[in-house]
Amino acid sequence: MAEEKTTGMGSRGLSTIRMDLKERIRRSPTPPTQGEELLAASPAGPRGGRKGRAVVLPLSAAALVACAVVLLLLAGGSAARKGQFVGADPTVLPSRGGGVGDLHLSQSKSNDGENVTIASSEVVNDKLLGGLLTTGFDEQSCLSRYQSVLYRKASSHFPSAYLLERLREHEALQKKCGPHTESYKKAIEQLKAGQGAKVMECNYLVWVAYSGLGNRILTMASAFLYAILTRRVLLVDSDKGTADLFCEPFPETSWLLPPKFPIKQFKNFSNGSPESYGNMLKNKAIRSNPAFLYLHMAHDYSDYDKLFFCEDNQQYLRNIPWLILKSDNYFVPSLFLIPAYQEELTRLFPQRDSVFHHLGRYLFHPSNVVWGMVTRYYDSYLARADERLGIQIRVFDPEPGPFQHVLDQVLACTLKENLLPAINSKQPIVSTRHSRLKSVLITSLNSGYYEKIRSMYWEHPTTNGEMISFHQPSHEEHQNSDKKMHNMKAWAEIYLLSLSDVMVTSAWSTFGYVAQGLSGLRPWLLFKPENRIAPDPPCRQVLSMEPCFHAPPFYDCKAKRGADTGKFVPYVSHCEDMSWGLKLVDQSEW
């Protein structure tokens, strides 16, 4: 990470100015309109000069200086976290893109020649993420929504103007048709009526909570994109603690399905349910106007269920007021293969490998409880680092481990790709006080890998003098997806992992997929070991940050025969970690 040294001012004075700027950002409201900015700026006076001495400037110049400073302080940022630079070198500030919050100070000289540190245009973070987020929320009810920008580097992937337009339209739809509105009440009455239902102004997609946390996040994002494409209101099942994990994503409404939903058994629908669209196709029992249909999109879905991805079937589904979806797959890549949606998807995502990156940052904001877990850990262990390396270790083995071959693979990958420095086992090199610090966050159900790697770097110095610290927030030993605190810890660790500067993830892991998508990074992927032997090569950098669709259909809807759907279009390719899976890639990065 690049550093910028400051001169001409003591560390105490600089620290005071830095905290003052953070406090101003913390207190700043939602970015004002242009007229409000001018009103706020008008009474301000010039800055600079020693105490007790007046700074005389022409009126026009003074006004310009005052306006510039006040505008910079008001333009963004909310609730900057405390302790962001605790224990850090007070003479060093991170430069743009090089550290948490991109806080950047520049120096100028006052009329008497004294160095004065003022806020540059980079001090104010875009808390709305380039327009991805919107205003209209009670900020205290969801601190992470606008504070996350202070922990994460600015994304190099920009949402399209059309995506922003469609998000605002969808927010209006959710508000108009969401729970407890008159439109929702009418739609519920229609649903209760059953047969003979007609398409109304508001149509709905109900997402059913299913599988582990990583899978649930990926399927919610998939369902949300499908809701945007089909202009449906997205309502999510509150089972498995959805409200305890995530903030409401839409302003002035709720995305949580009310508890008195009339279809009582919907959580128990499966691939054998007669209500499923696939079974209706199989049994030739399609009705012209059912009140609802169940879409079974989980890993065990049938060939008939997979016909969901054919355009003819999509035309039929448009006329169904209520769709109930259960999935454990990120099925976005196959949406890009449906001709009716291709033009719209291209406008929404010109950079095709940024779908989850944008939708994930829009939808998934940690609840205040989870955000507290994230920020306390980050501030305590990761904030002072010059670089943060995230290593996610997921082992798909019936035995708990740790396994030597997995440890060997992790070390082979991180050393070969220069993600970690080598150790010097012969000479007791002592690093200087000003050595570069790298913090390594390890997430794993098992603590054994963390303990062994940490011991190796504690007992031996690095060959380049770099200081390495290792941290593992938890080690639950087993996945317990039905337990509230387990899910909260998992979500906090996914988010912490996504704040890394460089990332290593494990094959097949949806936990890693979510972290890489939120981060905007292309991680180094640890290949899945076979027969408990470390693969060679141990890892590779993935083609895109997009998650992998583990169970795509292999069917040509036009030809009505089996086909390799990974060869239909250049931007849908097979996954690095699962040869039969599909993922979105951006051709410009090849």
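Bear in mind the structure is a predicted one, so any value in this text is a computation, not a measurement. Below, each value reflects all heavy atoms present in this structure, side chains not excepted, and no hydrogens, waters or symmetry copies.
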Where do Leu420 and Tyr457 land on the side chain to side chain contact (heavy atoms under 4.5 Å, CB included) test, with the steps shown first? CA-CA 10 Å; Leu420 280 176; Tyr457 280 87; 3.5 Å; yes
Pairwise side-chain contact, [X] with [Y], heavy-atom cut-off 4.5 Å (strictly under):
X	Y	answer
Gln541	Leu525	no
Val236	Leu256	yes
Tyr378	Arg388	yes
Leu526	Cys413	yes
Met545	His157	yes
Met503	Gln392	no
Leu359	Phe349	yes
Trp255	Met220	yes

Any donor-acceptor pair under 3.5 Å from [X] side chain to [Y] backbone:
X	Y	value
Asn368	Leu143	yes
Arg394	Phe511	no
Ser144	Pro366	yes
Gln174	Leu234	yes
Lys438	Leu419	yes
Gln409	Phe527	yes
Trp508	Asp577	yes

Hydrogens and angles aside, do Ser254 and Glu248 bring a side-chain donor and acceptor to less than 3.5 Å of each other?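 The answer is yes; a qualifying pair exists.
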Side-chain donor-acceptor pair under 3.5 Å between Asn329 and Ser327, yes or no?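 Asn329 vs Ser327: no donor-acceptor pair found between side chains.
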Salt bridge flag under 4.0 Å for residues Glu546 and Lys583: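 So Glu546 does not pair with Lys583 through a salt bridge.
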Yes or no on salt bridge (charged side-chain N to carboxylate O under 4.0 Å, His left out) for Glu576 and Arg522, after CA distance, side-chain angles and deciding distance? CA-CA 12 Å; Glu576 298 88 351; Arg522 292 191 299 122; over 6 Å; no
Which heavy atom of Pro552 sits nearest to which heavy atom of Leu582, and what is that distance?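 Heavy atoms only, the tightest pair is CB-CD1, 3.6 Å.
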Just how far is it from atom [atom1] of [X] to atom [atom2] of [Y], taken to the nearest 0.5 Å?
X	Y	atom1	atom2	answer
Leu133	Tyr146	CG	OH	6.5 Å
Leu584	Leu345	CG	CG	9.0 Å
Gln472	Arg454	CD	CZ	9.5 Å
Ser500	Arg152	OG	CZ	9.5 Å
Arg216	Asp328	CZ	CG	11.5 Å
Arg361	Leu363	CZ	CG	12.0 Å

Does the pair Tyr513 and Tyr330 meet the rule for a ring-ring contact (aromatic ring centres under 6.0 Å, His included), with working shown? CA-CA 10 Å; Tyr513 292 162; Tyr330 181 72; 8.3 Å; no
Would you say the rings of Phe364 and Phe224 are close, in the sense that their centroids are separated by under 6.0 Å?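 Ring-ring flag for Phe224/Phe364: false, centres at least 6.0 Å apart.
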Asp386 and Glu466: side chain to side chain contact (heavy atoms under 4.5 Å, CB included), yes or no, with the steps? CA-CA 10 Å; Asp386 297 296; Glu466 196 172 35; over 6 Å; no
Looking at Tyr162, is Arg347 sitting on its ring face, NZ or CZ under 6.0 Å from the six-membered ring centre and within 45 degrees of the normal?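 Yes; both conditions hold, so Arg347 lies above the ring face of Tyr162.
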Is the positively charged end of Arg352 above the ring of Phe336, judged by distance under 6.0 angstrom from the centroid and angle within 45° of the axis?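 Geometry flag: not set, cation outside 6.0 Å or 45°.
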Would you call the rings of Tyr377 and His471 parallel, tilted or perpendicular, where under 30° means parallel and over 60° means perpendicular?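 Tyr377 and His471: perpendicular rings.
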Over 60° means perpendicular and under 30° means parallel, so classify the ring planes of Tyr341 and Tyr226, tilted if in between.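 Ring orientation, 0 to 90° scale: perpendicular.
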Start with the C-alpha gap between Leu167 and Ile228, add the side-chain angles, then the distance that decides, and say whether side chain to side chain contact (heavy atoms under 4.5 Å, CB included) holds. CA-CA 8 Å; Leu167 288 175; Ile228 291 176; 4.1 Å; yes
For Trp371 and Tyr495, what are the C-alpha separation, side-chain angles and deciding distance, and is it a ring-ring contact (aromatic ring centres under 6.0 Å, His included)? CA-CA 9 Å; Trp371 187 240; Tyr495 208 91; 5.6 Å; yes
